[in-house]
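Down below is the structure, laid out as structure tokens.
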Amino acid sequence: MPYVYFQTFGCQMNVADSNDIGERLFTHGFRSSDDPAKADLIVVNTCSVREHAEQRAKTRIGEYGRLKKQEAQLWVIGCMAERLGESLKREIPEVDRVIGARSLEGIDEVISSVFPDQNVDFKGIEATDEASEFVSVIRGCDNYCTYCIVPYVRGPEASIPAAIIIDTIRKKAGRGVKEVTLLGQNVNSYCDAGIDFPDLIRAVAAVEGIKRIRFTTSHPKDCSEKLIRTIADEPKCCRHVHLPVQAGADRILSLMNRRYTAADYRDRISMIRSLLPDADITTDILVGFPSETDAEFESTLALVEEVRFTAAFMFAYSIREGTAAASMSDTVSHELKHRRLKQLIDVQTAITREIYTGMAGRKVRLMISGRQEKRDRLWMARDYGCKRALIACDEVPAGTILQADVVRTSGMTLICERTAL
Ligand code: 5AD
Ligand code: SF4
């Protein structure tokens with residue numbers, strides 16, 4: 001029986017791809033291993049979105065190259081594999097296969113050709129104790145934000161047919177999955193024979209056994225009122241909208257090719273707040289884009305102070321060869337970028353803490369995600385928005401939804417007690 005070891009870098013889409021490939025490998029007779037030194041196949045799923053992500057992946061691939069069994073295979077897949085292609089093999093000679101993000105569909109053939117003699121006795125994927133799984137619904141991106149490598153490595157937008165998505169989710173529900181997160185670089189572009197993203201959400205909500213639906217990411221330029229109304233009307237849909245703003249100054253947003261102004265973004269936020277008053281809104285922000293001035297950075301800070309995101313992913317701009325921004329002059333120094341990033345993180349962290357602290361005494365509806373490793377009666381959970389929680393109670397299966405009181409908060413965690421009936 002061959003063993004496979006997975007290492008996944010990057011976004012949730014990569015996690016979904018790794019899970020998908022894992023399932024295909026299981027049908028080819030593989031078992032999963034948590035020890036790369038014993039595995040027959042090591043798969044490293046990579047990210048290209050920032051230079052740092054590529055450096056980390058390369059370091060790790062080098063380590064696997066040194067510790068793997070002599071006859072074991074080392075495969076590098078995903079976005080960095082797409083971007084660097086066969087040159088990765090020259091850089092790290094222990095790499096056996098490079099399979100780019102746009103060729104993952106063909107991975108079954110690669111598996112059969114490299115491991116032809118598996119005696120497959122596949123009885124189906126086992127029941128899972130994971131309550132929550134990811135499902136990609138639209139691949140690629142057509143937006144070409146000028147800083148971003150994704151459209152080049154993942155290719156043009158392509159919606160997965162709704163029938164396939166629903167079938168996948170039915171199977172997951174059959175294995176015990178209770179929550180799905182629908183994934184795409186821009187889920188609002190979803191379109192399959194007249195079925196748009198809100199229609200897809202309704203179809204997913206009709207799948208028996210699915211209790212909660214999440215999704216990410218929405219592009220602000222096409223986050224529609226129809227979508228927000230659908231979330232408001234559909235009790236299975238979590239109250240969380242991830243809406244990357246990237247910057248708060250119009251000149252920078254225009255140079256980024258985001259196709260909205262800061263005022264458009266504020267309008268979207270007002271629309272969401274009026275239809276979904278309790279929703280968690282989260283964002284991505286990029287600082288130090290070429291030519292960003294102090295005053296423009298201040299506009300980003302002002303927007304962050306005003307919107308009060310529950311949480312934000314914040315990044316220093318990283319040049320990606322081949323993108324339009326890579327040829328823009330007047331770059332912001334490394335030092336200044338990182339000073340701005342630190343300042344932004346400080347402002348946002350204080351807001352996040354205030355939002356969490358303000359939850360004390362509130363009632364929440366939690367879904368249990370699993371046992372907290374170190375403590376016997378302590379369970380990890382997520383509220384109806386995006387907040388993490390811990391709750392002490394007797395044995396509860398992952399996927400259970402329960403009412404709880406927030407007794408206090410600890411950093412970015414709600415400490416809860418089960419509501420007395
Ligand atoms: N440099 C830094 N951050 C980037 N992102 C995308 N491209 C870059 C880049 N070149 C960030 C954006 C995006 C998130 C997934 O990663 O904020 O929303
Ligand atoms: Fe990149 Fe922009 Fe597409 Fe997001 S929408 S993946 S930031 S190009």
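In listed order, ligands and their atoms are each counted from 1.
The local environment of CZ in R273 is crowded, with over 12 non-hydrogen atoms from other residues, nucleotides or ligands closer than 6.0 Å.
In terms of protein heavy-atom proximity, atom 5 (N) of ligand 1 is nearest to R50 NH1, 3.4 Å. Nearest non-hydrogen protein atom to atom 1 (N) of ligand 1 is S318 N, 2.9 Å. Closest to atom 7 (S) of ligand 2 among all protein heavy atoms lies Y147 OH, 3.3 Å. At the top of the distance list for atom 6 (C) of ligand 1, counting protein heavy atoms only, stands V49 CG2, 3.5 Å. Of the protein's non-hydrogen atoms, D284 OD2, 3.5 Å is the one closest to atom 14 (C) of ligand 1. Ranking protein heavy atoms by distance to atom 17 (O) of ligand 1, first place goes to Q246 OE1, 2.7 Å.
Between E208 and R170 there is no salt bridge, since no side-chain N of the basic residue sits under 4.0 Å from a carboxylate O of the acidic one. Between E179 and R214 there is a salt bridge, since a side-chain N of the basic residue sits under 4.0 Å from a carboxylate O of the acidic one. Between D383 and R362, none of the side-chain N atoms (NZ, or NE/NH1/NH2) sits under 4.0 Å from a carboxylate O, so this pair counts as no salt bridge. The existence of a salt bridge linking E86 and R90 is excluded, since no basic side-chain nitrogen approaches an acidic carboxylate oxygen closer than 4.0 Å. Checked for salt-bridge contact, R320 and E54 meet the test: a charged N lies under 4.0 Å from a carboxylate O. A salt bridge links E296 with R251: the closest approach of a Lys/Arg side-chain nitrogen to an acidic carboxylate oxygen falls below 4.0 angstrom. At a threshold of 4.0 Å, the pair D233-R202 counts as salt-bridged, since one of the basic side-chain nitrogens sits closer than that to a carboxylate oxygen. A salt bridge does not link R239 to D278: none of the charged side-chain nitrogens sits closer than 4.0 Å to a carboxylate oxygen.
Near R320, with a cut-off below 4.0 Å to any heavy atom, the atoms of ligand 1 are 10 (N). Per-residue contacts place Y317 under 4.0 angstrom from the following atoms of ligand 1 (heavy atoms of the residue considered): 1 (N), 2 (C).
Ring geometry for F115 versus W75: interplanar angle of 30 to 60°, hence tilted.
Distances from atom 4 (Fe) of ligand 2 to the protein include no heavy-atom value under 4.0 Å.
Annotation: the span from I401 atom CD1 to M367 atom CE amounts to 4.0 Å, rounded to 0.5 Å.
Listed by chain and number, C141 SG are the protein N/O/S atoms closer than 2.8 Å to atom 3 (Fe) of ligand 2, with waters left out.
Residue contacts with ligand 1 include A316, since one or more of its heavy atoms lies under 4.0 Å from the ligand. Residue contacts with ligand 2 do not include R154, since none of its heavy atoms lies under 4.0 Å from the ligand.
With a heavy-atom cut-off of 4.0 Å, Y147 touches ligand 1 through backbone and side chain alike. When non-hydrogen atoms are compared, ligand 2 lies under 4.0 Å from neither the backbone nor the side chain of E157.
Both tests pass for R50 against the ring of F315: distance under 6.0 Å to the centre and angle within 45° of the axis.
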